[in-house]
Amino acid sequence: MSTQTTVEALYGSVAPVADQREAFTSGRIPVGVYGLGKMGLPLAAVYAETTGNVTGADVDPAVVECVNDGHSHVVGEPGLDALVGETVEAGALSAETDPAAVAEDARVHVVIVPTLVDDKTPDLSIVRSVAEDVGAGLDAGDLVVFESTLPPRSCRDELLPVLEAESGLELGEFGLAFCPERTHSGRALEDIRGAHPKVVGGADAESTRAAKLVYDELADTDLVTVSDTTTAEAVKVFEGLYRDVNIALANELATHADALEIDVTEAIAAANTQPFCDIHTPGAGVGGHCIPYYPYFLTDPFDVPTPLLETARAVNDGMPTYTAELALTGLRDEGVDPADATVLVAGLTYRAGVAETRKTPALPIVERLAEAGATVLATDPILDDTSEFSVAGATVVDAPTDADPDAVVLVTAHEEFRDLDVPTLAGDGRLVLVDGRQALTEYRGHESVRYEGVGLHD
Ligand SMILES: NC(=O)c1ccc[n+]([C@@H]2O[C@H](COP(=O)([O-])OP(=O)(O)OC[C@H]3O[C@@H](n4cnc5c(N)ncnc54)[C@H](O)[C@@H]3O)[C@@H](O)[C@H]2O)c1
Ligand SMILES: CC(=O)N[C@@H]1[C@@H](OP(=O)(O)OP(=O)(O)OC[C@H]2O[C@@H](n3ccc(=O)[nH]c3=O)[C@H](O)[C@@H]2O)O[C@H](CO)[C@@H](O)[C@@H]1O
């Protein structure tokens with residue numbers, strides 16, 4: 001007769017670890033994943049391929065319908081559509097619109113819904129609402145894992161009290177951990193399966209133990225356990241702050257190209273040849289839903305001076321205007337009044353290959369060029385909804401060849417722009433090319449092109 005212990009939940013289990021692992025990977029411990037977006041769907045799919053028993057909760061019925069049809073609504077994630085199809089077909093993954101219903105059955109709850117920032121103030125309303133739903137369905141022995149990026153101390157001060165109030169249980173009867181999502185859009189499955197070490201911070205030692213067991217099964221990578229949930233929250237935010245400040249350094253150095261009369265990007269590349277230097281890449285601006293917002297997870301909730309973070313944000317937020325001015329000045333130097341010029345803005349998403357415009361530098365660049373009186377055209381090969389750019393004053397065209405521009409501003413270096421034939425766009429005249437991502441440097445010194453870059457020129 002099997003001596004295997006029946007394990008129905010992980011937190012507080014005294015069963016042999018092997019039995020706990022077997023219970024988790026055999027699907028006897030149901031998993032709920034709350035939020036099936038760019039990060040939540042790949043995460044739910046990897047949980048499903050690991051455990052065979054995952055229900056996703058998403059308030060968007062279209063998302064739920066798409067998943068239950070065996071498809072991914074998230075574009076640009078290699079392998080995700082196939083994995084969703086396989087796991088749904090196998091009965092390992094399903095989705096529904098009611099988080100509370102999912103919470104009733106799940107014993108491991110993984111929360112990865114958006115953390116909004118209202119102007120400069122973190123807004124945890126969505127995360128809190130899911131915590132209420134999870135709390136209402138919480139049972140002793142359950143483990144709750146937050147993966148949404150959170151201001152440090154959120155789990156301890158905001159979410160644990162909600163879970164306890166809604167469930168009538170206390171920490172020690174259920175577990176709580178913060179395990180940040182260290183995933184890059186465009187390579188989510190690779191990252192979730194273990195491209196980087198997984199950080200685990202539990203509200204107590206047993207939460208850390210249970211979360212480690214879960215992520216040991218999910219990802220083929222090292223687990224970095226830290227002291228508590230606040231430390232784990234800080235790890236994620238600090239990673240983003242490092243990036244924002246580092247990009248700001250690169251951008252500020254780039255503005256010295258004229259004064260120094262050098263190619264600053266060349267100097268950065270050479271500086272980075274020794275291990276103690278990792279200056280990032282200057283560019284047209286810093287967009288997305290992560291980097292531009294993470295600073296406010298520290299500058300807003302805590303009464304500690306943050307001059308460096310605020311200055312870095314100001315430097316990066318100034319790059320779209322800096323980039324637009326390169327075009328306007330270039331036109332004037334070529335004897336073209338911007339008010340008589342046609343300028344094509346190429347690349348509207350916040351970074352190449354990701355169909356997202358959150359805080360994209362392209363929008364303020366369009367606005368600045370339109371404000372200067374230029375006729376602004378805009379194009380992006382992967383973006384379907386371009387309405388915000390029309391509102392900002394641009395005429396959206398399908399491709400660069402639909403334009404007869406006096407200037408081109410490359411904001412986002414999509415693969416489709418790699419072989420952009422700029423001289424052909426120039427026609428008979430000389431075209432001003434503002435290369436916001438050092439993607440078209442082959443046109444430096446070209447007779448038909450005035451090349452302006454961020455940190456380098458003709
Ligand atoms: N996108 C990234 O590159 C990235 C990387 C790492 C971490 N993160 C973090 O992951 C979290 C999710 O980001 P994302 O990019 O997947 O967001 P997203 O906007 O792509 O998806 C969020 C999903 O949550 C759903 N949702 C909203 N409210 C809900 C609720 N109450 N219950 C259930 N579902 C709800 C939405 O319908 C949507 O499908 C954020 O905290 C973000 O900071 C994102
Ligand atoms: C797990 C997670 O949360 N992952 C996030 C995700 O962030 P993301 O999707 O927002 O992508 P980023 O690459 O950070 O770009 C942001 C903007 O900054 C511009 N930029 C970038 C680098 C540079 O040298 N110079 C720049 O100007 C770029 O054009 C774009 O507009 O991946 C990052 C890396 O893995 C992570 O650090 C970050 O936490």
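We number each residue from 1, following the sequence as shown. This structure is a prediction, so every number in the text was calculated from the model and none was measured. Numbering of ligands and ligand atoms starts at 1, following listing order.
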For the residue pair [Y] / [X], report whether a side-chain donor-acceptor contact shorter than 3.5 Å exists.
X    : Y    : answer
D123 : S125 : yes
H414 : R437 : no
E310 : T306 : yes
Y294 : T149 : yes
D204 : S207 : yes
N316 : N251 : yes
D228 : T230 : no
E96  : T55  : no
Y451 : D435 : yes

Taking [atom] as the reference point, the nearest protein heavy atom with its distance:
atom                    : result
atom 20 (O) of ligand 1 : K38 NZ, 2.8 Å
atom 4 (N) of ligand 2  : T183 O, 3.2 Å
atom 2 (C) of ligand 1  : H289 CE1, 3.4 Å
atom 8 (N) of ligand 1  : M39 CG, 3.9 Å
atom 14 (O) of ligand 2 : R243 NE, 2.7 Å
atom 18 (O) of ligand 2 : V286 CG1, 3.6 Å
atom 11 (O) of ligand 2 : R351 NE, 3.1 Å
atom 28 (N) of ligand 1 : I126 CG2, 3.5 Å
atom 3 (O) of ligand 2  : K236 NZ, 2.4 Å
atom 16 (C) of ligand 2 : G287 O, 3.5 Å
atom 32 (O) of ligand 2 : H184 ND1, 2.5 Å
atom 27 (O) of ligand 2 : R437 NH1, 3.3 Å
atom 21 (O) of ligand 1 : G37 CA, 3.1 Å
atom 43 (O) of ligand 1 : T149 OG1, 3.2 Å
atom 41 (O) of ligand 1 : T115 OG1, 2.8 Å
atom 11 (C) of ligand 1 : V113 O, 3.6 Å

Using a 4.0 Å heavy-atom threshold (strictly under), name the region of [X] that reaches ligand 1: side chain, backbone, both or neither.
X    : result
T183 : backbone
S129 : side chain
R182 : neither
A57  : backbone

Query - Numbering as shown, the atoms of ligand 2 that approach E181 to under 4.0 Å (heavy-atom distance) - result: 1 (C)

Report task. For Y294, counting its heavy atoms only, list the atoms of ligand 2 lying under 4.0 Å from any of them. Result -> 3 (O)

Query raised in the report: How far apart are the C-alpha atoms of E77 and S72, what are their side-chain angles, what is the distance that settles it, and do they pass the side-chain hydrogen bond (donor to acceptor under 3.5 Å, both in side chains) test?
Result: CA-CA 9 Å; E77 287 297 353; S72 162; over 6 Å; no

Query raised in the report: Is ligand 1 less than 4.0 angstrom away from at least one heavy atom of E147?
Result: no

contact_flag [X] ligand 2 heavy-atom lt 4.0 Å:
X    : value
E239 : no
G285 : yes
C290 : yes

Query - Distance flag, aromatic centroids of H280 and Y242, threshold under 6.0 Å - result: yes

Query raised in the report: Are Y293 and Y296 close enough that their ring centres sit under 6.0 Å apart?
Result: no

N/O separation below 3.5 Å, [X] to ligand 2:
X    : value
T281 : yes
G288 : no
Y350 : yes

Requested in this report: Look at the rings of Y47 and Y215 and say which category their plane angle falls in: under 30° parallel, 30 to 60° tilted, over 60° perpendicular.
Outcome: perpendicular

**Report entry** V134 side chain reached by V102 side chain, heavy atoms, under 4.5 Å
**Finding:** no

Subset of ligand 1 atoms that lie under 4.0 Å from at least one heavy atom of [X]:
X    : value
S185 : 1 (N), 3 (O)
S148 : 41 (O)
D60  : 37 (O)
P99  : 32 (N)
G35  : 24 (O), 33 (C), 34 (N)

Query - Heavy-atom pair with the smallest gap, counting every atom of Y322 and V454 - result: CE2-CG1, 4.4 Å

Considering distance alone, does some N or O of [X] sit under 3.5 Å from an N or O of ligand 1?
X    : answer
H184 : no
E181 : no
Y34  : no

Compare [options] and give the one whose heavy atom is closest to [atom].
atom                    : options          : value
atom 24 (O) of ligand 1 : S125, G186, P114 : P114
atom 26 (N) of ligand 1 : V59, I112, V64   : V59
atom 38 (C) of ligand 1 : L150, L36, D58   : D58

Query raised in the report: Counting only heavy atoms not in D398, do more than 12 fall under 6.0 Å of its CG?
Result: no

**Report entry** NZ/NE/NH1/NH2 to OD/OE distance under 4.0 Å, R368 and E325
**Finding:** yes

Query raised in the report: Within the side chain of D105, is there an N or O that forms a donor-acceptor pair under 3.5 Å with the backbone of P30?
Result: no

Requested in this report: For side-chain contact (heavy atoms from CB on, under 4.5 Å), just list the numbers for R128 and E158, CA-CA rounded to whole Å, side-chain angles, deciding distance to a tenth of an Å, and then say yes or no.
Outcome: CA-CA 8 Å; R128 194 178 293 111; E158 300 266 338; 2.6 Å; yes

Requested in this report: Applying side-chain contact (heavy atoms from CB on, under 4.5 Å), run through D244 and L241 and close with a yes or a no.
Outcome: CA-CA 5 Å; D244 199 40; L241 301 186; 5.6 Å; no

